Amino acid sequence: MAEMTVIEAIRSTLAEELTSDDRTFILGEDVEAGGVFRATEGLAARFPGRVIDSPLAESSIIGISIGAAHYGMRPIAEIQFADFIHAGFDQLCSEASRWSYRTKGDSWLPMVVRTPWGGGVHGGQHHSQSIEAYYCHMPGIKVVAPSFPADYRSLLRAAIEDPNPVLFLEHKRTYRLIKQDVDDAPAETRLGRSRITRRGNDLTIYAYGLMLHESLAAADTLAGEGIDCTVVDLLTLNPLDKETVLEAAKMTGKVLIVHEDTLTGGFGGELAALIAEHAFEYLDAPIRRVAGPDIPAMPFHHAMEGFFMPNRDKIAAAARDLAAY
Amino acid sequence: MAEMTVIEAIRSTLAEELTSDDRTFILGEDVEAGGVFRATEGLAARFPGRVIDSPLAESSIIGISIGAAHYGMRPIAEIQFADFIHAGFDQLCSEASRWSYRTKGDSWLPMVVRTPWGGGVHGGQHHSQSIEAYYCHMPGIKVVAPSFPADYRSLLRAAIEDPNPVLFLEHKRTYRLIKQDVDDAPAETRLGRSRITRRGNDLTIYAYGLMLHESLAAADTLAGEGIDCTVVDLLTLNPLDKETVLEAAKMTGKVLIVHEDTLTGGFGGELAALIAEHAFEYLDAPIRRVAGPDIPAMPFHHAMEGFFMPNRDKIAAAARDLAAY
Amino acid sequence: MAAVRTRRDRSQTRIDDYLLSEAQLEEMYYHMLLARRLNERMLALNRQGRAPFVIAGAGQEAAQVGAAMALKKGIDYVAPYYRDLGVNLVFGMDAREAMLNLLAKRDDPNAFGRQMPSHWGNRERHVVTQSSVVATQLLHAVGIALAAKMRNDPIVVLASCGEGSTSRGDFHEALNFAGIHKLPVIFYIENNGYAITERTDKEMAIEHVADRARAYGIHGAVVDGMDAIRVYQTVAPAVAETRGGGGPYLIEAKCYRLWAHSSDDDDSRYRTKQELEEWARKDPIKLFRERVESDRIFPPEDLDEIEQRVDDEVKEAAQWAASQPDPAPEDALGFVYKEL
Amino acid sequence: MAAVRTRRDRSQTRIDDYLLSEAQLEEMYYHMLLARRLNERMLALNRQGRAPFVIAGAGQEAAQVGAAMALKKGIDYVAPYYRDLGVNLVFGMDAREAMLNLLAKRDDPNAFGRQMPSHWGNRERHVVTQSSVVATQLLHAVGIALAAKMRNDPIVVLASCGEGSTSRGDFHEALNFAGIHKLPVIFYIENNGYAITERTDKEMAIEHVADRARAYGIHGAVVDGMDAIRVYQTVAPAVAETRGGGGPYLIEAKCYRLWAHSSDDDDSRYRTKQELEEWARKDPIKLFRERVESDRIFPPEDLDEIEQRVDDEVKEAAQWAASQPDPAPEDALGFVYKEL
Ligand SMILES: Cc1ncc(C[n+]2csc(CCOP(=O)(O)OP(=O)(O)O)c2C)c(N)n1
Ligand SMILES: Cc1ncc(C[n+]2csc(CCOP(=O)(O)OP(=O)(O)O)c2C)c(N)n1
Ligand SMILES: [Mg+2]
Ligand SMILES: [Mg+2]
């Protein structure tokens with residue numbers, strides 16, 4: 001048992017995977033020097049030739065990883081900030097997501113694209129974005145967004161071992177903020193499973209990333225007020241664990257969906273639609289969403305950033321309304 | 001009054017706008033020779049220097065249009081197939097969508113990106129895609145998807161005159177399929193408004209593009225069976241006309257959302273979420289969606305294409321279930 | 001590679017002028033001709049309403065077959081583009097498979113009916129699966145070459161595309177990365193003068209795409225892509241050099257698109273009959289036959305016999321493929337994710 | 001352009017060796033120095049916890065000010081990148097505005113607190129708004145130039161970025177289009193040796209970015225970016241030529257990033273003190289002062305006075321800006337769409 005931050009969980013898992021599977025390698029900007037968040041610190045020296053600085057070109061980071069994965073390697077690409085993945089959208093959408101489908105499984109791509117996402121770090125418009133909605137609408141790509149260090153470890157390992165392209169989202173605000181005692185033994189988390197982290201009968205909150213922690217904090221506060229929340233840590237966003245999602249909705253009949261991403265067209269819409277179709281008869285209240293406002297991306301100034309970011313207070317306020325409905 | 005196909009409506013509107021506003025020009029692949037769908041046929045000769053062949057490079061088509069719009073022109077970019085816009089995702093998301101926001105209106109972009117989308121034309125994976133969900137999650141971009149020639153005319157004009165970037169989606173299957181008598185006088189359609197095309201008390205169908213026509217056909221069939229449908233032609237998808245959407249849902253209490261795009265993370269999720277939050281008390285049945293299956297994109301072979309495409313029969317079947325609920 | 005049924009045992013010894021043996025020359029002719037005849041049959045089927053879409057390589061057979069023959073089948077990789085039927089034939093596709101692909105049959109080994117025709121791919125044969133999006137494959141080729149270099153596998157990757165496709169950012173990013181890491185890649189540009197309706201001057205302000213090699217610190221070469229032998233003689237040494245660690249090549253084969261862009265295109269709106277006729281005189285298959293005939297490599301009867309064999313194969317393949325099963329509607333599902 | 005308060009009326013006549021007048025040389029020194037002192041103050045504020053983020057142009061002032069001065073203010077356009085404080089000062093930003101921008105104040109005319117500092121933009125001043133995504137602005141510059149050419153407006157657009165940013169596809173697409181249409185654009189690469197931690201050899205296999213000009217049929221030039229006068233002398237004729245229809249230029253200014261990448265970066269992990277010290281000797285501001293002093297353009301007191309004036313302005317601006325209003329939380333809303 002050791003206490004680990006999120007970034008330590010990631011770094012240690014990368015080191016373990018580089019050790020145990022010589023098909024793995026890391027490709028990304030500045031990764032040899034350790035990367036801007038130091039996720040790859042020390043790895044270039046330990047694994048010579050297997051931690052590779054790419055030129056400043058995101059389409060190539062993804063496209064080259066595709067080629068290497070096709071050849072049988074297990075590339076772990078790093079996109080320095082999720083905000084810069086957009087130039088790689090075409091390679092992910094037109095190529096990676098369809099590699100297996102269009103060859104009926106003759107070819108496949110065991111590759112991971114790791115990238116720091118999310119706000120609350122004074123990153124402004126281009127260092128704070130949530131990108132999951134785009135990739136949750138891309139069958140063929142798996143999207144993972146853990147919240148706790150232990151899950152970062154087990155899901156990153158699972159992502160690397162998965163024969164499909166996995167977008168591995170690391171909430172940058174949590175890198176050093178969230179700590180947890182982590183077992184040496186691999187955790188049980190699997191790709192494609194969500195987890196009911198807390199059980200309560202009054203309403204269900206769905207969240208991932210930083211917002212999962214904010215939701216848990218809100219649930220604590222609410223418990224003191226006699227409102228008992230179920231909190232679902234979604235973990236894998238695509239493909240979604242519909243079973244757990246629906247089970248949790250049916251349990252409480254009231255649901256609150258939380259994400260940092262802007263509201264309209266965000267991932268919460270899909271969750272709400274699923275529940276409104278498949279748990280309709282259990283619903284006791286309108287489906288509520290707490291999300292970023294419909295502006296292009298998070299503004300820089302801390303006052304406006306605070307306005308943008310959902311947090312425990314906004315979540316608790318929405319939950320109170322819902323409980324009272 | 002003249003009968004016009006969709007493609008004629010587009011071509012004639014382009015000609016009119018090129019005539020009436022010398023800030024307009026067309027930029028895209030093969031547009032000088034008329035384009036692969038002949039939307040710009042004859043225009044290069046009529047408007048010398050204002051119909052410009054671009055190299056085969058989508059990021060540049062969008063990025064250059066941004067610059068020209070910033071300078072005060074009104075570029076009308078053509079992306080040959082919506083499937084190829086992905087390489088321009090970054091320019092649209094990181095740049096175009098935020099130009100006004102990030103300068104607090106100091107700068108703005110009167111530009112249109114026209115592109116043929118949708119399936120049912122034997123186009124396979126890369127000539128059939130629906131792309132609206134990505135751009136409906138991009139505040140700052142307007143997304144328009146008409147269905148009838150008259151609306152193509154009025155909305156294309158409105159898009160060109162709008163001071164914001166507009167993604168103008170042209171369903172390629174309807175180009176020559178759908179005809180309508182079109183007034184000389186401009187139609188009333190405005191950006192940002194949906195239309196209740198047909199009124200009925202039993203349930204509400206939402207659709208756009210080819211699926212609007214399929215939904216109307218389904219509604220005809222259903223009327224013969226005593227099921228009266230309201231059909232909403234969404235027209236502008238982003239920003240959405242929430243008022244009309246909610247009004248139509250409240251009117252019937254049962255809703256069926258139809259789109260060609262794949263289900264999960266599609267635009268239908270947002271519609272469902274809105275309704276499940278803001279019309280919850282009016283709902284008499286689960287919110288149903290008819291959409292493409294969760295595969296990366298439409299397969300080529302006609303049998304599999306048919307399997308993919310929603311159509312009047314699938315819509316009618318879902319509507320019958322819903323009516324019986 | 002599909003066995004080429006030679007009429008008699010051709011000599012394996014190099015003919016000095018050619019740097020190719022009789023056996024290789026026969027293979028060359030066979031594959032070029034097979035590509036052309038298949039394409040002709042495909043277009044005929046399209047005109048009869050029996051094949052929804054054809055995109056062909058007529059005029060580029062020499063560029064394709066000459067280059068592909070310079071590679072080691074079973075070892076090297078190709079990341080071809082839609083016109084590269086010739087490359088695929090050399091790499092082992094046969095006439096039947098080509099017809100399965102055209103008709104999007106259930107058992108098409110490229111895409112099982114899921115993609116448009118001419119979107120190649122076959123893992124076992126080292127043909128990288130491709131989409132319709134042009135130039136993306138150049139990066140895949142670089143990734144394969146990087147991986148092979150990391151593993152010390154002495155392979156070469158040939159990635160091809162049209163000259164218009166070099167306008168895309170991915171072209172730049174691919175050549176830049178390959179140059180930095182001195183990867184064993186041949187970027188092979190089939191410059192057929194058009195990108196659908198656009199002539200080369202709409203795509204670039206320079207005459208030779210190959211001149212871009214310098215911008216990446218890599219080797220460049222231009223070759224007459226209508227001459228299969230010259231193509232082979234240019235690509236083969238480049239393959240050897242890049243295999244030996246000499247770094248990537250950008251090779252431009254100058255050829256011509258003898259047909260319209262695709263079965264959906266009407267090229268009369270943007271080019272003249274006269275231009276077409278001029279180029280038809282340089283037809284790479286005609287030129288090849290003239291040369292080997294006048295050099296008396298084979299007796300004309302042998303060449304006629306190859307023609308006959310190709311015709312028979314194409315006919316048989318078209319009939320056979322037509323009777324093969326179509327995908328079922330629900331074959332649209334499955335393999336979205338690979339299960340291992 | 002912010003009025004430069006000259007100590008006495010400088011001569012407007014060109015000094016032969018310089019191709020610049022006394023007045024221009026004073027302006028050059030003033031702007032370079034102002035850029036440096038502002039950046040120093042910004043970093044100090046960051047270290048005091050009063051400014052969350054600084055990204056500076058120290059070492060690139062000569063490259064920036066020399067190039068910007070070659071343009072016609074009010075007529076020409078710049079599409080700068082985050083290090084280009086010097087360019088912005090020449091184009092009319094003053095010290096107060098620079099500080100408003102640093103502190104993301106409500107009235108920052110670039111981004112009103114909505115973007116990180118050093119994301120410039122001001123429509124009226126012809127400074128194109130920019131994001132953090134590198135190299136996208138090269139295409140915007142091309143679009144402006146295309147529009148201007150269509151309108152017969154005799155303007156020039158200067159688009160700048162770092163050498164690392166030239167690895168992106170947008171660089172290629174921008175230069176290619178500009179070359180095809182012979183547009184009046186100067187692509188201006190400030191090669192400071194690093195892209196965050198990566199040296200130039202990780203970004204390209206060639207020595208000079210400017211050598212890429214040929215790949216696009218455009219002009220290329222390399223200039224010592226530590227020498228403001230040389231920069232001016234290189235860029236000014238290129239501006240004249242491209243304005244006259246001579247087509248685009250790719251100009252590479254060789255300079256050096258004297259500081260870490262940003263206030264968040266620790267450069268000790270990837271470069272040596274020794275390297276830094278060597279380059280510090282070539283500090284462009286020091287070099288400039290030495291040259292004009294030894295050439296006796298101004299008496300040293302004049303230069304001291306400029307220094308004093310700059311210090312005063314920076315101090316005043318920092319104080320003034322600190323007291324300016326912050327955006328309100330709900331200022332996050334609005335202007336998602338432009339209403340006309
Ligand atoms: C990214 C992208 N944009 C547009 C298209 C549509 N398209 C298909 S082929 C083609 C022209 C390609 O020209 P070139 O690269 O010269 O190859 P050729 O067809 O001449 O062999 C275009 C524009 C596409 N397939 N991909
Ligand atoms: C598309 C994109 N990818 C990554 C980044 C993160 N990033 C910011 S600056 C930078 C290095 C830029 O290097 P260079 O172009 O040489 O400019 P310099 O900072 O040296 O002036 C990187 C990788 C970014 N801003 N945009
Ligand atoms: Mg071509
Ligand atoms: Mg640099």
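Just so it is clear: chains get the letters A, B, ... in the order the sequence lines come, proteins before strands, and each one is counted from 1. These numbers come from a predicted model, not from an experiment. Heavy-atom basis, side chains included; hydrogens, waters and symmetry copies ignored.
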- request: Begin from the C-alpha positions of C/H181 and A/I52 and carry the test side-chain contact (heavy atoms from CB on, under 4.5 Å) through to its verdict.
  value: CA-CA 10 Å; C/H181 290 272; A/I52 303 174; 3.8 Å; yes
statement: Okay, C/L146 and chain A: the region with an atom under 4.5 Å from a heavy atom over there is side chain
- prompt: Is C/Q130 close to A/E95 at the side-chain level, that is, under 4.5 Å between some pair of heavy atoms?
  reply: no
task: Pick one of side chain, backbone, both or neither for C/A148, based on which atoms fall under 4.5 Å of a heavy atom in chain A.
output: both
query: If we only count heavy atoms from C-beta on, is the A/P163 to C/Y337 side-chain gap below 4.5 Å?
result: no
- prompt: Do C/R123 and A/T103 come within less than 4.5 Å of each other through their side chains, counting heavy atoms only?
  reply: no
- prompt: Is the shortest heavy-atom distance from the side chain of C/K338 to the side chain of A/D106 under 4.5 Å?
  reply: no
task: Work out which heavy atom in C/M150 is nearest to a heavy atom in A/G49; give both atom names and the distance.
output: CE-O, 3.5 Å
Within-4.5 Å side-chain heavy-atom neighbours: C/E339 and A/N164: no
message: To check you understand the geometry: which heavy-atom pair defines the closest contact between A/G140 and C/V336, and what is its length?
response: N-CG1, 3.5 Å
query: Can you find a pair of side-chain heavy atoms, one from A/Q91 and one from C/V133, that are under 4.5 Å apart?
result: no
- line: Honestly, the part of C/D108 sitting under 4.5 Å from a heavy atom of chain A is neither
field: Side-chain touch A/M73/C/R151, heavy atoms, less than 4.5 angstrom
entry: yes
task: Calculate, to the nearest 0.5 Å, the distance between atoms CD1 and OG belonging to C/I180 and A/S60 respectively.
output: 8.5 Å
Side chain / backbone / both / neither for A/D90 at chain C, heavy atoms under 4.5 Å: side chain
field: Under 3.5 Å side-chain donor-acceptor pair for A/R102 and C/T129
entry: yes
Part of C/A332 lying under 4.5 Å from any heavy atom of chain A: both
message: Is there a side-chain contact between C/F177 and A/L27 in this structure, where contact means two heavy atoms from C-beta onward sitting under 4.5 Å apart?
response: yes
query: Any side-chain donor-acceptor pair under 3.5 Å between C/D153 and A/Y71?
result: yes
